[in-house]
Asker: 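The structure's right below; bear with me while I get my questions together.
What you are looking at is a predicted structure, and each value in this text was computed from that prediction instead of being measured. Quick note: numbers below take in every heavy atom, side chains included, and nothing from hydrogens, waters or symmetry partners.
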Amino acid sequence: MIYYFSGTGNTRAVADAISKKIGEEVKLITIVDSMSEKPEGKSIGLVFPVYSWGVPPLFLYFLQSMPEQFWENVKKSKIRVWAVLTCGDEVALTPEMLQKELEKHSIRAEAIWSIIMPNNYVLLPGFDVDSKEIENEKLRRMNERINFISSRISSDWMGTDVVRGDFKWIKTKLIYPLFKKWGIFPSKWFSTPSCVSCGICVKSCPLKNIVLDKNGHPKWSSNCCSCLACYHSCPHHSIEYGGMTKRKGQYLFPVRFRKNNGYKNRPT
């Protein structure tokens with residue numbers, strides 16, 4: 001079984017592609033019933049995007065919500081655990097953060113890889129989507145990396161193969177905690193007058209955190225994970241986050257890749 005989370009479609013595409021190559025099913029973590037979930041398949045894959053050089057808080061919560069019996073069954077059945085981290089450039093100490101969480105259940109990910117994907121984080125100064133040239137180059141290399149990782153999973157390879165980047169301790173140990181505390185503010189989201197009340201933002205939200213008010217305008221509740229699916233999926237660029245997203249770009253995993261590889265059309 002492959003458990004994944006995705007906002008703009010990058011991680012969903014990776015999970016889908018690996019699933020087809022190794023014969024494991026995929027599940028979006030937000031629809032998993034943790035109390036009834038049972039480990040299935042030859043292995044358990046954890047596939048998620050890196051948030052501010054760490055494991056997304058939502059994915060940590062998912063791991064923490066799985067009952068101890070689930071992990072006991074994983075150990076009893078000797079099911080192999082592996083992970084793939086999607087990132088715009090680097091992962092810093094995200095593998096260590098993941099292992100620390102799994103070790104609470106006496107579990108370790110035997111193999112961890114990273115895949116560089118197009119950037120989508122736009123909520124801080126200096127952060128924006130990649131140019132089309134860089135985006136296309138990252139996507140061109142994506143399939144080669146997926147093929148490599150899938151072959152390693154099938155051969156039961158063990159180890160860590162990631163791009164960590166510079167200043168990894170500072171990024172994961174200092175910046176990530178600041179992101180968790182100050183980087184997720186649902187109240188900052190709003191729609192501009194160009195909104196046409198299409199409701200695509202509502203459908204794109206993996207946490208069902210958005211509703212349309214009586215005037216047809218989106219309203220955000222508190223259950224936000226800062227995945228940016230609403231912002232990037234808006235066809236009229238009518239969603240903003242405070243003053244941080246003005247004149248910044250949008251990105252969704254490209255339709256051409258979805259069609260050519262049989263990926264789902266929804267971002268998540």
Side-chain angles (χ1 to χ4, degrees), residues 3-17 19 26-34 47-49 51 56-59 61-62 65 86 88 117-124 127-130 132 135 139 179 183-268:
Y3 297 102
Y4 80 95
F5 178 73
S6 183
T8 62
N10 279 341
T11 310
R12 174 63 190 264
V14 170
D16 277 349
S19 166
V26 295
K27 275 190 180 180
L28 178 64
I29 62 169
T30 56
I31 64 171
V32 172
D33 181 354
S34 59
V47 185
F48 58 86
Y51 278 20
L58 180 69
F59 208 92
Y61 175 76
F62 163 72
S65 70
T86 62
M117 300 291 285
N119 277 299
N120 59 25
Y121 191 72
V122 295
L123 302 189
L124 284 175
F127 286 78
D128 204 346
V129 300
D130 292 322
K132 280 297 177 182
E135 175 187 317
L139 291 171
F179 162 77
I184 305 176
F185 281 101
S187 60
K188 289 189 176 183
W189 289 109
F190 67 95
S191 61
T192 67
S194 62
C195 174
V196 298
S197 305
C198 65
I200 289 177
C201 56
V202 175
K203 295 176 182 177
S204 71
C205 180
L207 297 180
K208 303 185 186 305
N209 187 53
I210 306 171
V211 297
L212 297 183
D213 64 17
K214 62 182 180 180
N215 297 315
H217 299 146
K219 296 296 180 183
W220 286 259
S221 298
S222 60
N223 189 28
C224 177
C225 65
S226 206
C227 73
L228 309 188
C230 57
Y231 168 83
H232 289 292
S233 63
C234 178
H236 296 280
H237 212 326
S238 302
I239 292 176
E240 301 284 2
Y241 185 81
M244 202 60 64
T245 50
K246 288 182 179 179
R247 293 180 292 278
K248 290 188 177 180
Q250 292 176 290
Y251 168 83
L252 290 176
F253 188 75
V255 171
R256 67 183 185 277
F257 276 87
R258 295 178 199 160
K259 289 181 178 179
N260 292 343
N261 295 281
Y263 300 139
K264 300 295 184 181
N265 286 328
R266 286 278 301 282
T268 54

Asker: OH of Tyr61: more than 12 outside heavy atoms within 6.0 angstrom?
Answerer: no

Asker: Using modelled atom types and a 3.5 Å cut-off, is there a donor and acceptor pairing between side-chain atoms of Asn223 and backbone atoms of Lys208?
Answerer: no

Asker: So, for Cys230 and Trp220, which heavy atoms are closest and what is the spacing to 0.1 Å?
Answerer: SG-NE1, 3.6 Å

Asker: With a 3.5 Å cut-off and sequence neighbours excluded, list the donor-acceptor pairs that the side chains of residues 211-219 form with protein atoms.
Answerer:
| residue | atom | partner | partner atom | Å |
| --- | --- | --- | --- | --- |
| Asp213 | OD1 | Asn215 | N | 2.8 |
| Asp213 | OD1 | Gly216 | N | 3.0 |
| Asp213 | OD1 | His217 | N | 2.9 |

Asker: Side-chain contact test, heavy atoms from C-beta onward, threshold under 4.5 Å: evaluate it for Leu58 versus Thr30 and give yes or no.
Answerer: yes

Asker: Only counting residues at least two apart or in another chain, list the ones meeting side chain to side chain contact (heavy atoms under 4.5 Å, CB included) with Ser34.
Answerer: Ser65, Met66, Pro67

Asker: State, to 0.1 Å, how close Arg12 and Ser6 come at their nearest heavy-atom pair, and which atoms those are.
Answerer: N-OG, 3.2 Å

Asker: How close do Ser238 and Ser194 get, heavy atom to heavy atom, and via which atoms?
Answerer: OG-OG, 2.6 Å

Asker: Can you tell me which residue among Tyr3, Phe5, Phe48 is in a ring pair (Phe, Tyr, Trp, His ring centres under 6.0 Å) with Phe62?
Answerer: Tyr3

Asker: What pairs with Lys188 under salt bridge (charged side-chain N to carboxylate O under 4.0 Å, His left out), at least two apart in sequence or on another chain?
Answerer: none

Asker: So, applying side chain to side chain donor-acceptor pair (under 3.5 Å) with Asn120, which one of Asp128, Thr8, Asp130 is it?
Answerer: Thr8

Asker: I'd like to know whether Phe253 forms a side chain to side chain contact (heavy atoms under 4.5 Å, CB included) with Thr11, so could you lay out the CA-CA distance, the side-chain angles of the two residues, the decisive distance to 0.1 Å, and finally the verdict.
Answerer: CA-CA 9 Å; Phe253 188 75; Thr11 310; over 6 Å; no

Asker: Under 4.5 Å between any side-chain heavy atoms of Pro118 and Val129, yes or no?
Answerer: no

Asker: Looking at every heavy atom in both Ile210 and Cys201, which two are closest together, and how far apart are they?
Answerer: CD1-O, 3.6 Å

Asker: Measure from the side-chain N and O atoms of Glu240 to the backbone N and O of Thr192, and report whether any donor-acceptor pair falls under 3.5 Å.
Answerer: no

Asker: Hey, does Leu139 have a side-chain heavy atom less than 4.5 Å from the side chain of Pro254?
Answerer: yes

Asker: Suppose we screen for ring-ring contact (aromatic ring centres under 6.0 Å, His included). Which residues come up paired with Phe127, at least two apart in sequence or across chains?
Answerer: Tyr121

Asker: Return the set of residues passing side chain to side chain contact (heavy atoms under 4.5 Å, CB included) with Val26 (not counting sequence neighbours), or none when no residue passes.
Answerer: Ile2, Tyr4, Ala15, Asp16, Ser19

Asker: Compare every heavy atom of Ser233 with every heavy atom of Ile200, then report the nearest pair and how far apart it is.
Answerer: CG2-O, 3.5 Å

Asker: Mind checking whether Pro56 and Cys225 have side chains closer than 4.5 Å, heavy atoms only?
Answerer: no

Asker: How long is the span from the OG atom in Ser187 to the OH atom in Tyr241, to the nearest 0.5 Å?
Answerer: 7.0 Å

Asker: Looking only at non-hydrogen atoms, find the nearest pair between Ser226 and Gly183 and report the distance.
Answerer: OG-O, 3.7 Å

Asker: What distance do Phe185 atom CZ and Leu123 atom CG have between them, rounded to the nearest 0.5 Å?
Answerer: 12.0 Å

Asker: Which residues pass the ring-ring contact (aromatic ring centres under 6.0 Å, His included) test with Tyr51, not counting sequence neighbours?
Answerer: none

Asker: Measure from the side-chain N and O atoms of His232 to the backbone N and O of Tyr251, and report whether any donor-acceptor pair falls under 3.5 Å.
Answerer: yes

Asker: Atom SG of Cys227 and atom CD1 of Ile184: how far apart are they, to the nearest 0.5 Å?
Answerer: 10.0 Å

Asker: Donor-acceptor pair, distance only, cut-off 3.5 Å: does the side chain of Lys248 make one with the backbone of Met244?
Answerer: yes

